[in-house]
Amino acid sequence: MTDPRSPGARMGAEGESARTATSTTKMKTPPTARTRRRRRITWTVASIAVLAVVGGAAVGAAALAGLFGSAAPAAPAVDTPFAVLDESGAAQASTTATGTALAAADYLAAQPTAYWLTPERDPIGSAGDRVTALAAEARAQHATLALVVYGLPERDCGNHSAGGLDVADYPVWVDEIAAALTAAPDVPAVIVLEPDSLALATECGNLDARVPQLRSAIDALQRPGTWIYLDGGHSSWHPATEQTRLLAAVGLDGVRGFSTNVSNFNAAADEFDYAHAVADALVAGGTGADHAHALIDTSRSGAGSTGEWCNPPGRLVGEASATLGDGVVDTNLWIKPPGESDGPCNGGPAAGQWWPDAAVELTRAVRR
């Protein structure tokens, strides 16, 4: 199975950052794994999707409104309970690991982390069933389901995460995912749509192809209670004005905003600054502020970046999901699953494979 990493990191020199988040950033002390387990089972009205449309008909809205009133589901924010999923690489590894590797896997398995939908792991005919099962887990936890949709044709320009579907099959696969989400109207969802697709488009020379592909996926995946974030690169890749141009080429109707730092290592403070710069440029260009929010990946940002994008040594997990946010940055989320390799570099296995040594190193400052 191929999996995420950030090829754009090799396009910019990133310095090690030890700065704390900006003064506008709402920060809380990252909770322990035990606290996270308690929090993820907390029932909140904001985590209930009260309206969905299946075949043009409202499903489930009347019953939910009767129980909880007419409040619309809230957008992701600090303290949003994201689901902890049994399908994670860490959870699978914890069933067989021993010693320090087990402690690392157990710690990571307890953290809310996005699930990557790829056609290699969840092909046409299976993707819908996977989403249905994941939604059931999120429902049982009264939590928001976090998904990454990662299956574009000619994905990653032939690099370590190469693959994806052909042009004709991609919309079929996305429609299957969308149908499964629509059939679970009570489960709020966050979708990170096709990491690297826009930020890498200038290097790949395929922006003209990416725009209709992403626009079609956005149109298919929209539903009440789902928030879509487009690829926003990261603070050491494109300047904010260039990333804004790429986002605007697709158009932000139907999306919440953009994701940054996916599978990368930049410190949260750098990404907050970058997210604000991109959002300001989007709004100045005519994008409504409601479509210029950000979601930041902090899964491996705890030690900042060395400028390497592929399995750099000495990194640490970053701030726990849903512990940071402000008026532009909805919150942070562990998007890249820590402990999964970026590719066959620096001693790692193929992209997406569980790598016990990386899990141990990333968690060395937090696990007990």
Side-chain angles (χ1 to χ4, degrees), residues 2-12 116-120 124 127 147-178 191-222 228-264 274-275 277-279 281-288 291-295 309 335 351:
T2 59
D3 204 73
R5 73 312 164 280
S6 186
R10 56 180 189 266
M11 300 177 68
W116 289 64
L117 288 163
T118 71
E120 292 79 15
I124 293 172
L147 299 172
V148 179
V149 174
Y150 192 60
L152 275 173
E154 299 179 358
R155 187 183 59 204
D156 199 27
C157 292
N159 289 305
H160 290 326
S161 293
L165 292 156
D166 63 33
V167 172
D169 283 343
Y170 182 67
V172 176
W173 183 68
V174 171
D175 284 346
E176 185 176 334
I177 293 167
I191 295 177
V192 178
L193 185 59
E194 300 294 349
D196 292 335
S197 59
L198 285 175
L200 196 58
T202 53
E203 180 180 340
C204 298
N206 60 3
L207 182 61
D208 288 345
R210 288 299 184 237
V211 167
Q213 289 165 346
L214 291 170
R215 189 68 253 171
S216 176
I218 291 166
D219 293 343
L221 291 165
Q222 288 182 70
I228 301 170
Y229 296 84
L230 275 174
D231 167 36
H234 58 74
S235 60
S236 298
W237 198 340
H238 296 300
T241 52
E242 173 64 6
Q243 189 60 50
T244 299
R245 181 187 73 82
L246 296 169
L247 289 163
V250 177
L252 290 131
D253 291 344
V255 307
R256 177 69 178 171
F258 55 94
S259 58
T260 80
N261 208 41
V262 176
S263 299
N264 209 52
Y274 176 68
V278 172
L282 286 170
V283 172
T287 296
H291 304 287
H293 291 268
L295 187 71
W309 65 263
I335 299 175

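Starting from 1, each residue takes its place in the sequence as its number.
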Side-chain touch Asp196/Trp237, heavy atoms, less than 4.5 angstrom: yes
Partner set under salt bridge (charged side-chain N to carboxylate O under 4.0 Å, His left out) for Asp219, not counting sequence neighbours: Arg215
Reported CG-to-CD1 distance for the pair Asp253 and Ile218, which is rounded to 0.5 angstrom: 9.0 Å
Interatomic spacing from CG in Asp231 to CG in Leu198 - rounded to 0.5 Å: 5.0 Å
Minimum heavy-atom distance Thr260-Gly232, with the two atoms named: CG2-O, 4.4 Å
Closest contact, heavy atoms only, Val283 versus Ala292: CG2-CB, 4.1 Å
With sequence neighbours excluded, residues passing side-chain hydrogen bond (donor to acceptor under 3.5 Å, both in side chains) with Ser259: none
Atom pair CG/CD1 of Asn264 and Ile335 - distance to nearest 0.5 Å: 11.5 Å
Side chain proximity check, Leu214 to Ser197, heavy atoms < 4.5 angstrom: yes
Point-to-point distance, once rounded to the nearest 0.5 Å, from CD1 of Ile228 to CG of Leu147: 11.0 Å
Residues forming a side-chain hydrogen bond (donor to acceptor under 3.5 Å, both in side chains) with Glu194, sequence neighbours excluded: Tyr170
Point-to-point distance, once rounded to the nearest 0.5 Å, from CH2 of Trp116 to OG of Ser263: 4.0 Å
N/O donor-acceptor pair under 3.5 Å between Arg155 side chain and Tyr150 backbone: yes
Partner residues of Tyr229 under the side-chain hydrogen bond (donor to acceptor under 3.5 Å, both in side chains) criterion, sequence neighbours left out: Asp330
Note, Asn261 side chain near Tyr274 side chain (heavy atom, < 4.5 Å): no
Minimum side-chain heavy-atom gap Pro195-Val148 below 4.5 Å: yes
Residue pairs fulfilling salt bridge (Lys or Arg N to Asp or Glu O under 4.0 Å) with at least one residue in residues 234-243, sequence neighbours excluded: Glu242-Arg245
Check: Ala240 main-chain N/O paired with Thr244 side-chain donor or acceptor under 3.5 Å: yes
Reference residue Ile191; test side chain to side chain contact (heavy atoms under 4.5 Å, CB included); the match among Ile177, Leu221, Leu230, Val255: Leu221
Ala249 versus Val211, closest heavy-atom pair with distance: O-CG1, 3.5 Å
Ala199 versus Leu246, closest heavy-atom pair with distance: CA-CD1, 4.2 Å
Side chain to side chain contact (heavy atoms under 4.5 Å, CB included) involving Asp169 - partner list, sequence neighbours excluded: Ile124, Leu165, Asp166
Spacing of CG belonging to Leu152 relative to OG1 belonging to Thr118, to within rounding of 0.5 Å: 12.5 Å
Heavy-atom side-chain contact between Thr202 and His238 under 4.5 Å: yes
Partners passing side-chain hydrogen bond (donor to acceptor under 3.5 Å, both in side chains) against Gln213 (at least two apart in sequence or in another chain): Arg210
For Ala275, all residues meeting side chain to side chain contact (heavy atoms under 4.5 Å, CB included), sequence neighbours excluded: Phe258, Ala294, Val329
